[in-house]
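Proteins come first, then strands; the chains are lettered A, B, ... in the order of their sequence lines, and each starts at number 1. Computed from a prediction, not measured in an experiment: that's the story for all the values here.
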Protein chains: 2
Amino acid sequence: MKVTGDQALVKKINKSLILHTIRKHPELSRARISEMTGLNKATVSNLVAELQEDQLVLEAGPGESSGGRKPLMLHFNAMAGCVIGMELRVKQLTAILCDLNGNVLSEADSLLQRHDLDDVLAEMKTMIGELIAKAPSTPYGVVGIGVGVPGMVDENGVVLFAPNLAWEKVHLRELLEESFSIPVVIDNEANSGAFGELNFGRGEDVRHLLYVSAGSGIGSGIIIAGELYKGSRGYAGETGHMCIEAEGIPCSCGSRGCWELYASEKAYDLASMELPAHRTPDLIGFAARGDAAAERQFSEIGAYLGIGLTNLINSFNPELIVIGGPLSEAREWLEPSMQQMVAKRTLPYHKQQLEIAFSTLGSRAAMIGAGFSAAMHFLGHTRVMV
Amino acid sequence: MKVTGDQALVKKINKSLILHTIRKHPELSRARISEMTGLNKATVSNLVAELQEDQLVLEAGPGESSGGRKPLMLHFNAMAGCVIGMELRVKQLTAILCDLNGNVLSEADSLLQRHDLDDVLAEMKTMIGELIAKAPSTPYGVVGIGVGVPGMVDENGVVLFAPNLAWEKVHLRELLEESFSIPVVIDNEANSGAFGELNFGRGEDVRHLLYVSAGSGIGSGIIIAGELYKGSRGYAGETGHMCIEAEGIPCSCGSRGCWELYASEKAYDLASMELPAHRTPDLIGFAARGDAAAERQFSEIGAYLGIGLTNLINSFNPELIVIGGPLSEAREWLEPSMQQMVAKRTLPYHKQQLEIAFSTLGSRAAMIGAGFSAAMHFLGHTRVMV
DNA sequence: CGACTTTGTATATTGCTTAAACAAAGTTTT
DNA sequence: AAAACTTTGTTTAAGCAATATACAAAGTCG
């Protein structure tokens, strides 16, 4: 059944509009909301009153007068509830407890020895349980759990395939919702990272953003028109297996010359030269001390990153590309060759308004994004398209 | 200013919903519309009455009874107005006059000798003028003109760059609207083709579709969630310059190893073997007569098409890919090697629900899509997102 | 201190969807 | 063939949300 229009819908649209307007601005008066949204002052007053009853909006007292009566400032009550954001990596589980605006209240992490579902799930439950216990008393309590995982996820929160964990068809959302009776959002780690950067990193006021996470492989999250784009079955963005060398090295996926063979940590194993180390943090250490092989390896990876980015730029024409993931820590040595390659190979019109940046959230992007995704799910977002 | 909700909006949403419901089904009664949309019978009656006044819906007389009063069947009045769809190619200008449902009423085409704006524009105006003259008498007359052009187009209908025409920053929409005082929609040829296939070709009931137009270059139109996706400045889909060979042949775009060097008509010039002809229709003739060189050339192009398609599949995860453009006429020789390459190189999960097909609209896809785009612009489409 | 501004609320009006009753036009049962 | 049931589409009254307008409250400024 399609969505039809009635008065309840009108109210929902306007209430949602007001809530998110307040959320995105530190302090606003009713009068300014009326100006900004185009809604009548009376409408704003009514809906704000309801939002106050819902405890989602608070009155912060009088503000500065601009030549008349002092405005009563409103602000979003980020502490109306809490959410948990979690990232599952190959060797590590990290999580945060944060408020509805993504402010971190508490953190937790633990190393993973084994990858079988039972062990990982037990560890996840323990960690979530501990964070829930730490949650401050709020009107709504913990209202959502978001998890970023290194694999393909469908629209029902099923992890279809996670090669690095050797997982297949794991009904993760269902499993967690059964344990905690709280709405759970499962997403690909790159998608979560993209959502994090969009809202808290470089991506503010950006409509089309591409987040590329480089680590043990390459994944990417695609934001289109301010929203996460997922393909027909929810697992687009597997750009690591994009072919950049038609007759290149055979890949485990069945293809040849995949991008991530040249531009992720996988390149270490195929390096033409002798490397002093095979783990990114160690290699960064060597590069920092001037090791030529390490520097050259990063520079080469940077160049290949640039080649793949060019393909994405020509397909998506994004406004901003953010490079994240473990490899992004080697920015110093990756960036020159990467930017050079992109500058040389991109169509002139695409270059005009494109910025390529490294993540400001660092390795926390996915975790923060997952949590915020759960928060947005709780708040809802109804709007009109013309 | 953002879109707010009020009663006028509710009416607009519901009227639009009813109109498009009727448009997509050959015949419907008010009662069935009420069931299908979830709107109250009274609401449907009122809005249908308005649509009848607007001449967009007609009553077709009584239908079959299903055990009670006979229903009064309604249908969309495709002849409430006409639109013109046009495709500008390097050597040819083609256009159609069609009704609001994309049914062709009249066709026209002419060869282009020169590419300077004045000449082309004059020819376009003549052709449009002739089609307008041929338009039958309808309540609204000719309500829109849609044009597909071989180049990048921004959101204001400006042709930013069309290398094959040597055009730059041509305000095409403005120029045509000034001449005819009818709304004009300008789009990239591949985007128009994608829209045509979505609505009249293979793409019915498909949400994520990729249309790849192979000819003198490669362009692609991306349909996401049933809608044409355009990048931040309106010219995404330039996938022809995607790099599939890191150290490949230098391209005029500044990069190396671009897809279209290997998988479009450009491959003829770089062919490793002696070709009996250098124009696609001729080469198809030779292949049909069993010429080995021609057959091998097409097979090679097919393989490279497959490589590039794999990249697009991994990035977009579409449900359907449609191959169109002049080269698609060589389907017989392209398809085997192309399908084989895709089957070999695609991630298993992507393969599950993917279909790769050749265009059913043939070379008319862009023209039909451009016209229909203009028709949809006239009818409007207001809806809600949750 | 009086005139003007700005903020936020109260009131009457408008207009849309809806539920329920109803009229019209069939079919099926007895 | 008449009565009973079905289906279709319209009419009517009710409910409700946004809006314009008026107004009260609380400030600034000369």
Problem - Side-chain (B/Y229) to main-chain (A/F316) donor-acceptor, under 3.5 angstrom - result: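 Yes; judged by distance alone, with no hydrogens or angles, the pair exists.
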Assign [X] to base, sugar-phosphate, or nothing according to its heavy-atom contacts below 4.0 angstrom with the strands shown.
{"X": "A/K11", "result": "sugar-phosphate"}
{"X": "B/S66", "result": "sugar-phosphate"}
{"X": "A/T43", "result": "base"}

Exercise for the section: Could you pick out which residue, B/G67 or A/G67, lies toward the 5' side of DNA chain D when each is mapped onto its nearest nucleotide? Expected result: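 Closer to the 5' end of DNA chain D: B/G67.
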Handout entry: Comparing A/N46 and A/S65 on DNA chain D - which has the more 5′ nearest nucleotide
Key =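 Final value for this comparison: A/N46.
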Should [X] and [Y] count as an ion pair when the cut-off is N to O under 4.0 Å?
{"X": "B/D6", "Y": "B/K12", "answer": "no"}
{"X": "B/E59", "Y": "B/R30", "answer": "yes"}
{"X": "A/E319", "Y": "A/R207", "answer": "no"}
{"X": "B/K15", "Y": "B/D54", "answer": "yes"}

Problem - Donor-acceptor pair (no angle test) under 3.5 Å: B/R69 side chain, D/dT7 base - result: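 No.
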Practice task
Ignoring hydrogens and angles, answer whether the base of C/dG26 and the side-chain atoms of B/K70 contain a donor-acceptor pair closer than 3.5 Å.
Solution key: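 Side chain to base: no pair below 3.5 Å.
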With respect to the side chain of [X], which nucleotide from [options] is positioned closest?
{"X": "A/A31", "options": "D/dT10, D/dA17, C/dT7", "result": "C/dT7"}
{"X": "A/L72", "options": "C/dA19, D/dA18, C/dG8", "result": "C/dG8"}
{"X": "B/L47", "options": "D/dT11, D/dT10, C/dT17", "result": "C/dT17"}
{"X": "B/N40", "options": "C/dT17, C/dT18, C/dT7", "result": "C/dT18"}
{"X": "B/S45", "options": "C/dG8, C/dG15, D/dG9", "result": "D/dG9"}

Interatomic distance where [atom1] belongs to [X] and [atom2] belongs to [N] [whole Å]:
{"X": "A/E64", "N": "C/dT5", "atom1": "CD", "atom2": "C1'", "result": "16 Å"}
{"X": "B/I13", "N": "D/dA18", "atom1": "CD1", "atom2": "P", "result": "13 Å"}
{"X": "A/E50", "N": "D/dC16", "atom1": "CD", "atom2": "P", "result": "12 Å"}
{"X": "B/L9", "N": "D/dC16", "atom1": "CG", "atom2": "P", "result": "20 Å"}
{"X": "B/M36", "N": "D/dT8", "atom1": "CE", "atom2": "P", "result": "14 Å"}
{"X": "A/Q7", "N": "D/dT19", "atom1": "CD", "atom2": "P", "result": "12 Å"}
{"X": "A/D6", "N": "D/dA18", "atom1": "CG", "atom2": "C1'", "result": "14 Å"}
{"X": "B/K41", "N": "D/dT12", "atom1": "NZ", "atom2": "P", "result": "16 Å"}

Practice task
Give a yes/no answer on whether the side chain of B/R30 brings an N or O atom under 4.0 Å of OP1 or OP2 in D/dT10.
Solution key: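 True: B/R30 side-chain N/O within range (under 4.0 Å) of D/dT10 OP1/OP2.
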Practice task
Could you tell me whether the phosphate oxygens of C/dC16, OP1 or OP2, come under 4.0 Å of any side-chain nitrogen or oxygen in B/N14?
Solution key: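 Answer is no, no contact under 4.0 Å.
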Handout entry: Earlier contact from the 5' end, DNA chain C, for A/G68 and A/R32
Key =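 The residue whose closest nucleotide sits nearer the 5' end is A/G68.
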Problem - Crowding at NE2, B/H75 (>12 non-hydrogen neighbours, <6.0 Å) - result: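 Count over threshold, so yes.
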